[in-house]
Each structure stands twice: as structure tokens, then as C-alpha cells.
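Just the heavy atoms: all of them, side chains too, but no hydrogens, waters or symmetry mates, feed the values below. Keep in mind that what you see is a predicted model, and the values were worked out from it rather than measured.
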Amino acid sequence: MPELPEAEITARNLKPLIGRKIISFDCDWPRAIRVAPSAKAIAADISGRYVKKISRHGKAIFLHLSRDKKSGSAIERLLVFHQRMSGRLMVKGRDEARGKHTHVYIRFSPPLALHFNDPRKFGLIWYGTPDAVLHASYFSRLGPDVRKIDLKTFLRQLHGHRGMIKPLLLRQDILAGIGNIIVDETLWRAKIY
């Protein structure tokens with residue numbers, strides 16, 4: 001499963017999309033979609049928007065999209081991906097063929113495409129206004145990003161919780177982004193069994 005380092009690298013690899021206009025959105029796995037009513041609704045709303053910036057919180061990768069000038073909508077949108085077990089986000093040339101497991105395909109101008117390849121179909125996609133996306137159940141429960149906290153915040157997040165340390169650190173509502181590999185390595189270096 002992609003952990004924080006993989007999500008961070010993926011977010012950095014998506015930087016070529018900043019400033020590009022979205023031409024089309026296609027999704028053949030609608031069960032992955034959250035917040036938006038359907039892939040068809042996303043396709044109708046997302047076309048013509050620009051990628052303003054890309055960020056990451058925990059293991060989720062955020063594409064911050066512009067307002068829609070053609071409809072006069074003053075509200076920006078968020079398109080968020082969680083790669084889960086086997087998902088991969090890749091920027092490719094628009095002429096490169098979609099793979100067998102590419103379940104989300106977004107075309108950009110100038111010619112680039114974003115492929116969300118997910119063989120096991122565990123990945124998730126959120127689309128909507130920032131308010132709607134950030135109030136979705138996953139994000140409303142998500143703890144602070146582990147790369148952005150100090151020792152005081154870390155201790156405050158752990159305060160009052162009981163139980164074994166590894167399962168506690170894996171809880172995304174306490175610290176977002178930590179996965180099994182990071183926890184194992186951290187506890188080994190700290191000499192905590």
C-alpha cells in the first residue's frame with residue numbers, strides 16, 4: 001500500500017499538471033467516486049477548469065482546481081485521490097494508450113493525460129467543492145499530517161490513548177500518513193518492541 005513517502009513523490013510527479021486546462025474526465029469504475037453524484041457529473045463540471053496547485057495530506061493527493069469561467073461559478077473544486085492498495089497516478093503524453101487497469105483518465109491541454117491505474121480497484125476519488133470534500137467522512141476524521149507536526153502536537157495526539165503503540169500509530173485519525181513500513185522502522189530505531 002502506498003504510504004506517505006509514495007504519496008509525496010506522486011504529488012511531486014503531478015506538478016507538470018499545474019496551470020493546465022482539463023479537457024475531459026473519464027472513469028469506468030464509479031464505485032470509487034465519493035461526494036460527486038457520478039462520473040458523468042464530474043465530467044460535466046470539471047471540463048475547462050485549470051489545476052491551480054497540488055498538495056498532499058496523509059496519503060491523499062489533492063488537485064486544487066480553478067473556478068469555472070464558462071458557467072460563471074465562483075466556487076473552486078477539489079479532485080482528490082487515495083491510491084490505497086494498488087493505485088498509481090501517472091502523468092503521460094495524451095497519445096499514450098490507456099492501460100487495462102486505468103480506471104480514471106483525464107485529458108489536459110497542452111497534451112498531457114493523468115492515468116489512475118488501479119488493478120485491484122481499491123482506490124478512491126473525491127470531487128466537489130472544498131467544503132463538501134473536506135467534510136466527507138474520511139477527511140473529517142483525518143488527523144494532522146505527520147510531516148507537518150512538531151513534538152508537542154505529536155504528544156498531544158497520543159495523549160489519552162491506551163493500547164499497543166503500533167496500532168495506535170497506524171490510526172489515521174491520530175496521525176495521517178503513517179503506514180506499516182514507517183511504523184515498523186520508527187519503532188525499530190526507537191528500540192520499542
Side-chain angles (χ1 to χ4, degrees), residues 1-85 87-92 102-109 112-118 121-149 172-173 175-177:
M1 171 180 282
E3 295 188 25
L4 188 142
E6 291 87 1
E8 180 68 26
I9 290 167
T10 299
R12 291 178 187 181
N13 289 340
L14 299 184
K15 298 287 184 190
L17 300 177
I18 295 174
R20 295 190 187 252
K21 181 180 179 180
I22 297 172
I23 303 300
S24 66
F25 174 92
D26 182 42
C27 175
D28 69 359
W29 188 248
R31 291 192 344 194
I33 295 172
R34 303 291 185 265
V35 180
S38 67
K40 192 174 184 178
I42 295 174
D45 188 68
I46 204 170
S47 178
R49 294 183 187 271
Y50 290 82
V51 178
K52 292 175 57 179
K53 75 175 189 174
I54 295 172
S55 65
R56 179 202 52 76
H57 186 91
K59 301 174 189 180
I61 299 168
F62 292 74
L63 277 71
H64 302 259
L65 306 179
S66 67
R67 299 178 308 205
D68 183 9
K69 293 177 181 162
K70 69 179 183 252
S71 72
S73 171
I75 301 172
E76 298 175 351
R77 296 287 189 266
L78 285 177
L79 175 62
V80 186
F81 292 91
H82 193 304
Q83 300 174 100
R84 309 256 337 246
M85 288 293 270
R88 286 185 53 206
L89 285 164
M90 299 168 285
V91 176
K92 296 184 176 186
T102 299
H103 299 296
V104 176
Y105 179 76
I106 305 171
R107 288 179 38 224
F108 291 85
S109 176
L112 279 181
L114 178 62
H115 296 239
F116 185 38
N117 186 291
D118 190 13
K121 298 181 179 176
F122 291 151
L124 297 174
I125 305 148
W126 292 265
Y127 181 79
T129 64
D131 192 50
V133 170
L134 296 175
H135 284 91
S137 62
Y138 177 76
F139 296 108
S140 64
R141 294 188 315 252
L142 203 56
D145 189 274
V146 74
R147 282 199 68 213
K148 298 175 184 168
I149 63 169
Q172 298 300 296
D173 61 324
L175 298 168

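- In this structure Phe139 satisfies the ring pair (Phe, Tyr, Trp, His ring centres under 6.0 Å) test together with Phe62, Trp126, sequence neighbours excluded.
- Residues that satisfy the side chain to side chain contact (heavy atoms under 4.5 Å, CB included) test with Pro5, not counting sequence neighbours, are Glu3, Ile182.
- Between Glu76 and Pro130 the shortest heavy-atom distance is O-CD, 3.2 Å.
- Contact record, Val35 with Ala136: CG2-CB, 4.0 Å, taken as the closest heavy-atom pair.
- In this structure, CG on Asn117 lies 10.5 Å from CD on Gln83, to the nearest 0.5 angstrom.
- Between the side chain of Thr10 and the backbone N or O of Glu6, at least one donor-acceptor pair lies under 3.5 Å.
- Taking each heavy atom of Pro16 and Arg20 in turn, the nearest pair found is O-NE, 2.8 Å.
- Note: Asp45 CG to Arg77 CZ = 4.0 Å, rounded to the nearest 0.5 Å.
- Of all heavy-atom pairs spanning Phe116 and His82, the tightest one is CZ-O, 3.9 Å.
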Given side-chain contact (heavy atoms from CB on, under 4.5 Å), test Phe108 with Ile22 step by step and report yes or no.
CA-CA 5 Å; Phe108 291 85; Ile22 297 172; 3.4 Å; yes

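- Val91 is not listed as a side-chain neighbour of Asn13, based on a closest heavy-atom distance of 4.5 Å or more.
- Looking only at side-chain heavy atoms (C-beta outward), Leu65 and Lys52 stay at 4.5 Å or farther from each other.
- Among residues at least two apart or in separate chains, side-chain hydrogen bond (donor to acceptor under 3.5 Å, both in side chains) pairs with a member in residues 28-44 are Asp28-His103.
- By the neighbour-count criterion of 12 heavy atoms within 6.0 Å, atom CZ of Arg88 is sparsely surrounded, having that number or fewer from other residues, nucleotides or ligands.
- Of the possible donor and acceptor atoms, one in the side chain of Gln172 sits under 3.5 Å from a partner among the backbone N and O of Gly177.
- Among all heavy-atom pairs drawn from Ala36 and Ile42, the shortest one is CB-CG1, 3.5 Å.
- Judged by distance alone, the side chain of Ser140 and the main-chain N or O of Ser137 form a donor-acceptor pair under 3.5 Å.
- Atom CG of Leu124 and atom NZ of Lys59 lie 12.5 Å apart (nearest 0.5 Å).
- In plain terms, the two heavy atoms of Gly123 and Asp118 that are nearest each other are N-OD2, 2.6 Å.
- Rounding to the nearest 0.5 Å gives a distance of 9.0 Å between CG of Leu63 and CG of Leu78.
- Atom CD1 of Ile23 sits about 11.5 Å away from atom CD1 of Ile46, to the nearest 0.5 Å.
- Considering only residues two or more places apart in sequence or on other chains, Ser66 meets the side-chain hydrogen bond (donor to acceptor under 3.5 Å, both in side chains) condition with none of them.
- Remark: of the listed residues Phe25, Phe81, Tyr105, Phe81 is the sole one forming a side-chain contact (heavy atoms from CB on, under 4.5 Å) with Leu114.
- For Ile18, the side chain to side chain contact (heavy atoms under 4.5 Å, CB included) criterion is met by Lys15, Val51, Ile54, not counting sequence neighbours.
- Applying the side-chain hydrogen bond (donor to acceptor under 3.5 Å, both in side chains) test to Lys92 and every residue at least two apart in sequence or in another chain returns nothing.
- In this structure, the separation between CG on Leu79 and CD1 on Ile61 is 10.5 Å, given to the nearest 0.5 Å.
- Asp145 places a side-chain N or O within 3.5 Å of a backbone atom of Gly58 that can act as its donor or acceptor partner.
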